[in-house]
Amino acid sequence: MFSTGFKYFFGVTVLSVVALIMSYALFEKFALGGVAISFLIAVGALLAGLLAFSSDGTTRDANTSTSDLTTQSIWPLVSAIGVVFLALGLVTSSVVFFGGVVVLLAALSEWMVQAWSERASTDSTHNAAARKRLLNPIEFPVLAAVGLGVVIFSFSRIMLTVNKSTGAILFIVAGALVLVAGVIFAIKPNMKRPVGAAICVLGALGIVAGGVASAVSGEREELVEAAAEGHFSHAECGPEESKYYDKLSEGTLSLRSSVSATVVYQDGELIARIQGLAKPQKSLTVGRSIPTNIIFRNATEGEFRLVAHLGGSKSADKAADGDSHKDETCTQLVAPGAEQSLTLNIAKPSSVENVYYLYIAGSDEKKIELVVP
Amino acid sequence: MSRRQFDIRLSATIASVRVVLRKASKFAGAAGISAVVAGCATNAPQDTWQPKGPNSKLIDDLQQPVFAVAGIIGLIVAVAVVYTMIKYRDRGQPIPEQTHGKPALEITLTIIPALILAVVSVFTFGAIFKLAKTDDTEMIINVTGQQWWWEYDYPVQNEFGITQPIISSGQLVMPVGTKVLLRETSRDVIHSYWIPALNGKRDAVPGRIHTLRLEADEPGIYAGQCTEFCGLSHANMRMEAVALSKEDFAKWVANQQAPYVAPAKDTLAKQGEEVFLNQCVRCHQVNGLTRADGTPAIAAPDENVWSGAAPNLSHLMSRNTFAGAMFNLLSKQCRDEVWNAPSDVVGAKYLAGVTEECLNQKDLRAWLRNAPEVKPMYANPADLAVSNGKYRGMPYLALSEDDINKLVAYLITLK
Ligand SMILES: [Cu+2]
């Protein structure tokens, strides 16, 4: 009746009840932890009941001796490594800590299943089969995912290091190699397994080695430069074309389903269309602190840019100190007939002193007022 | 233990687990029945079976027949299962000869449900497209969800007398017989807007705008509830749609656009305004409120609240509820009078707003005394690291009872 497993879960249940009572007494209300402990009580009680009912699943039987032949196990070693990572993680970084947690959990579960399977019956082949049946469906996908992850990550390092055209060539070569390997496997289905495995391992090792080398030598010049200078983040909102900001303007996405308004520049007029309002608008309401997407459609023959004036210096100040800093954001230069989105997030309400509006770069009069209530 | 013994023990264990599960299922059955019985409430303002507008009627017209068909089929299946279970239960008789497959029967049993589903889907798609229409809109209202209240803003629409944006919270006021299009979004997490009497649900998703048609046939107040789990006070994120006749709606619009009237000098309310400027303006906007030096008092919820917004209190007392419609601004009796008023007078009663006698002093004071205690919110100043030092909800402000008296006197003037 009072089997080991039952005693364990019974203990867990009783301790959880005590913990629940104490937490209630100390904090005088059920916090989230109280809910968790309640679940623990329920689960512990259920398991204790089941184990009492089934006498621990009766895998151990007093009448039969289990085989004492234990196989060698690497799991104690692995769990020790996990513990070391755990401790190391406490003083270094949380990544190491969580790595330790993962290693420890994996090792402990492997160890537990192994220990259980070795005593499952006196038939050791049956035991080994039981272990495999239980663990292989987990081990194989996890190992495959980790292995693929390492290969893919290494490949991405290589692509960040080599220059753009080499990258394209490498991609083609890698694809071709996969194809060749596939063809070889297909026409020689009787090939010995070690040969196939060797081909795959060699390929993977090559990529990983390349990845390590690339990671050591760092990313290619342009990327380093772009990251340092933030070419893609600072918008140059003048009417002329900007060297960096207007690059690849045809490649930007417009967001169809999240559009607050479509602003159209047509026949020298700037108007706004809002879903649900039939008439074109000359002003737009933009809620405070809400990311608001606006689509700019250029329905003229020339290239234009839509600029959002977001407060900042008043026009009077601007005249006073020349080209003082203006708080503005803008689209890229948009080709005739093309469109682009602009996202605004305005925190302060509009007022006489603080005006917001959209305009076409180079022609200050074509305005749409932004009303921020 | 031999392998065979082991296998026998294993199946014995499985059998005992089954016994336990069977017992547990009885409890589940009992719990299910009590849940069904609990569904028969009489006072159920959020009942989906009582449509009060064309959009919800469209849904209702679809769900009634589908529910009937599904019910009949469910009944047939249940009866057949029970009959077979009893008729062929194990009485120790020999296992009959086993056959496999009966193509004619199987094909029939596949085609019939497929046909039923095809018919249902034709009508379902029809309803979905009708509910997604936006080109017949007569009025738009922007609806923004945030933890844990709804903000409404009415863009300028001269046909309705809205010449400057109106901004409100908790209660959505709309004209009856008008095709209103809500344009929903969110400032923080996903919420979902649902007034069961007027239409189905629509999620409010940050960075996206989702539209929801709303139209009420009769003046009245229709209750709703946020239906997308959104954190601690999700259950307290409620809302109401108040449908007013067109004339009453025009009056409401006029009042919302009325300029700010500062309390008279040397009154308790004037002192309350001062407390408000010191304590509340950093989050709450009152349009037209100025500081002592005459500069406009501009709220900065973006610096203090995680969502970047706090309710605009300019016309607080024109609403009947506060804090995500969790509390009533009207005392129970006055509130019941508005709720139970016949549809021809409900508008007038609603427009009366909150008078001195009707103010629900108890809940409003409790809110000002310690908001997070009456509505769970992440507002512990020691725990704001995750939200960059910003509150989710209204914090405890350690106001004295004296200040609370002044504030209540002031807030009641915000008609
Ligand atoms: Cu919500």
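All chains are named by letter (A, B, ...) in the order of the sequence lines, taking the proteins before the strands, and each is independently numbered beginning at 1.
Looking only at side-chain heavy atoms (C-beta outward), Q257(B) and I166(B) come within less than 4.5 Å of each other.
In this structure, W252(B) and Y154(B) have tilted ring planes: the angle between them lies in the 30° to 60° band.
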Could you please spell out the steps behind the side-chain contact (heavy atoms from CB on, under 4.5 Å) verdict for W148(B) and C230(B)? CA-CA 8 Å; W148(B) 291 274; C230(B) 59; 3.6 Å; yes
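By the 6.0 Å contact criterion, NZ on K132(A) is open, its count of non-hydrogen atoms from other residues, nucleotides or ligands being 12 or less. Summarising the local packing, CZ of F160(B) is surrounded by more than 12 heavy atoms from other residues, nucleotides or ligands at distances under 6.0 Å.
For Q157(B), the part lying under 4.5 angstrom from a heavy atom of chain A is the side chain only. Of the two parts of S307(B), only the backbone, made up of N, CA, C and O, holds a non-hydrogen atom closer than 4.5 Å to a non-hydrogen atom of chain A. D135(B) does not touch chain A: none of its heavy atoms, backbone or side chain, sits under 4.5 Å away. At a 4.5 Å heavy-atom cutoff, the contact between T134(B) and chain A is made by backbone and side-chain atoms alike. Neither the backbone nor the side chain of Q146(B) comes within less than 4.5 Å of any heavy atom of chain A. With a threshold of 4.5 angstrom between heavy atoms, E303(B) approaches chain A through side-chain atoms but not through N, CA, C or O. For chain A, no part of P206(B) is nearby; none of its heavy atoms comes within less than 4.5 Å. When heavy atoms are compared at a cutoff of 4.5 Å, V205(B) does not approach chain A at all.
The residues R187(B) and E151(B) are annotated as salt-bridged, a charged nitrogen and a carboxylate oxygen being separated by less than 4.0 angstrom. Salt-bridge check for R213(B) with D136(B): passed, with a basic side-chain N closer than 4.0 Å to an acidic carboxylate O.
When D188(B), D302(B), L181(B) are compared by the number of non-hydrogen pairs under 4.5 Å with chain A, D302(B) comes out ahead. Counting heavy-atom pairs under 4.5 Å between each of V371(A), L277(A), L284(A) and chain B puts L277(A) at the top.
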